[in-house]
Number of protein chains: 2
Amino acid sequence: MSKCEQCIIKQFNSLKSLGKDDLIRISGCKTSRFVSKGEVIFSEGESINGIYCIKDGVCKLSKLSSNGKDQIVKLVVRGDLIGQRSLVSEEKSNLTAIALNNMEVCFIPKNEVLFDLSKNPKFSFDMLQEMAKELRVSDNVIVDMAQKSVKQRLADVLIYLHENFEKDEMGFLKVVLSREDYANLVGTATESAIRILSQFKKSGLISTTGKHVKVEDLDGLRRIE
Amino acid sequence: MSKCEQCIIKQFNSLKSLGKDDLIRISGCKTSRFVSKGEVIFSEGESINGIYCIKDGVCKLSKLSSNGKDQIVKLVVRGDLIGQRSLVSEEKSNLTAIALNNMEVCFIPKNEVLFDLSKNPKFSFDMLQEMAKELRVSDNVIVDMAQKSVKQRLADVLIYLHENFEKDEMGFLKVVLSREDYANLVGTATESAIRILSQFKKSGLISTTGKHVKVEDLDGLRRIE
DNA sequence: TTTAACCTATGATAATTGTCATGTTTTAGT
DNA sequence: ACTAAAACATGACAATTATCATAGGTTAAA
């Protein structure tokens with residue numbers, strides 16, 4: 001099994017603030033796991049008892065709303081940590097994590113992380129910074145959900161995917177989302193998402209082949225209102 | 001000026017995790033200030049350079065959306081801290097804080113807080129916990145904004161106010177929000193908020209006298225869908 | 001290879017929400 | 001108490017979005 005102290009992934013998250021000794025200690029406790037597409041990593045209401053470091057792949061974090069629909073709250077990619085919130089607040093997970101790709105994830109037990117949080121102010125501060133950033137993003141999402149139209153939100157999602165996710169040689173997004181996933185990202189009915197995507201395709205803003213999507217006209221998407 | 005080490009307000013926030021010495025040190029640097037209703041405490045885009053501890057009163061944290069409307073992201077009450085996020089992330093504020101009451105707030109300069117964060121793991125951890133809680137709440141808000149109807153969201157706001165804010169002898173909420181504030185809390189047009197509030201009043205779910213609102217039928221509001 | 005399950009697509013229609021217009025009431029300042 | 005400004009209220013209508021129905025297309029397992 002590969003070693004945390006040599007893992008390049010940690011550059012992208014708070015684990016970079018740990019010293020070599022701590023990383024070696026964590027490396028001895030961590031478990032690594034492959035998760036296949038569609039598999040549930042953890043569910044709403046479960047105790048997670050540790051944090052996951054995403055070594056490869058993409059997953060969606062979603063929450064079931066009272067009307068029975070799933071809302072995708074965040075997409076999590078290579079380098080991200082998940083589970084810190086539940087770890088710190090000692091509560092069960094409020095989100096469900098489902099793989100959108102085949103993934104590789106490392107699991108670090110709760111106590112190891114809590115130990116470092118109690119001993120290493122640099123690590124704590126880094127984690128605090130990450131959470132502060134997440135909160136800022138959340139605020140923006142709240143405002144967008146409350147104030148933008150479904151069409152705008154869907155355009156935003158496409159822009160976000162285009163700017164932050166890997167693409168193949170043809171420029172198609174490597175992440176493959178169902179129309180239902182798109183709907184659950186923007187908080188609308190699946191049919192509405194399908195309709196708007198069709199419309200974007202007709203307007204030449206995107207192209208699609210099956211579930212594969214390519215952004216063709218970024219500025220055009222930006223101009224949607 | 002009153003002293004932090006004797007202030008009971010700190011029980012409600014992370015400052016409770018500081019030792020007496022640190023509180024005395026902070027007390028020497030802090031400034032106290034009265035803010036009258038409607039006054040802006042800080043604006044989106046400003047550098048805050050410290051945190052505010054709300055000693056008394058209520059304020060709204062809002063953000064201007066791209067369509068020019070304000071979205072209220074959070075209501076902040078006695079005991080809450082504001083400004084931690086910008087402090088930790090070294091960024092300008094992404095929110096505007098406006099008093100809804102006459103308020104009294106204490107301002108603690110950035111460096112004092114950063115000093116404690118670097119020296120006091122208990123304080124850091126407490127702050128981390130607070131942020132984790134805020135993130136959880138944000139997730140819930142995102143889901144609600146995305147999935148619930150305007151009517152449901154407005155009912156939720158009324159329930160939230162009823163359960164978390166002070167009421168007078170008659171049961172009316174002491175906080176007085178304009179219809180526009182209600183609209184900006186739920187993310188809808190002012191006219192829509194007005195209409196729905198009128199409807200709630202007609203149905204006996206709430207009663208209103210001018211801007212003063214009283215929840216009459218909590219379960220009724222909970223049943224709104 | 002067939003079949004069933006699921007996803008995508010689209011029309012028709014209803015429900016929700018926003019916008020504009022207009023009048024009334026309340027509030028704050030003199 | 002008076003007046004101007006702001007906030008509230010409501011109707012009429014338009015735009016957006018959800019829901020229901022139906023059908024074609026894809027995919028994966030038997």
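All chains are named by letter (A, B, ...) in the order of the sequence lines, taking the proteins before the strands, and each is independently numbered beginning at 1.
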Between B:Lys69 and C:dT19, is there a contact of a side-chain N or O with OP1 or OP2 at under 4.0 Å?
yes
A:Ile194 CD1 - C:dC6 P separation (whole Å):
16 Å
Charged N to carboxylate O below 4.0 Å: is that the case for A:Lys37 and A:Glu39?
no
Quick one: A:Arg179 CZ to C:dC7 P, roughly how many Å, whole number?
12 Å
Do A:Glu44 and A:Lys63 sit within salt-bridge range, that is, some charged N less than 4.0 Å from a carboxylate O?
yes
Of all heavy-atom pairs linking B:Glu216 and B:Ile206, the shortest is CG-C, 3.7 Å
Taking OP1 and OP2 of D:dA6, is either one under 4.0 Å from a side-chain nitrogen or oxygen of B:Ser178?
no
When the distance from CD of B:Gln152 to P of C:dA15 is rounded to whole Å, what number comes out?
17 Å
Between atom NZ in B:Lys151 and atom P in D:dT17, what is the gap in whole Å?
19 Å
Rounded to whole Å, please give me the gap between NZ in A:Lys201 and P in C:dT10.
9 Å
NZ of A:Lys37 versus P of D:dA28: gap in Å, rounded?
9 Å
Ranking A:Lys211 and B:Gly210 by the position along DNA chain C of their nearest nucleotide, the one closer to 5' is A:Lys211
Any carboxylate oxygen within less than 4.0 angstrom of a Lys/Arg side-chain nitrogen, looking at A:Glu191 and A:Arg179?
no
Should B:Glu163 and B:Arg222 count as an ion pair when the cut-off is N to O under 4.0 Å?
yes
Please state how far atom CG in B:Asn184 lies from atom P in D:dC8, giving the value in whole angstrom units.
12 Å
Has B:Ser149 got a side-chain N or O lying under 4.0 Å from the OP1 or OP2 atom of C:dT16?
no
Just to be sure I understand the rule, does B:Thr190 reach a base, reach only the sugar-phosphate, or reach nothing, if contact means heavy atoms closer than 4.0 Å?
nothing
If you assign B:Glu225 and A:Leu177 each to the DNA chain C nucleotide with the nearest heavy atom, which residue ends up on the more 5' nucleotide?
A:Leu177
Does C:dG18 have OP1 or OP2 under 4.0 Å away from a side-chain N or O of B:Thr188?
yes
Of all the nucleotides listed (D:dT17, C:dT19, C:dG11), which has the minimum atom distance to the side chain of A:Arg195?
C:dG11
Between C1' on C:dT17 and CG on B:Leu154, what's the gap in Å once rounded to a whole number?
13 Å
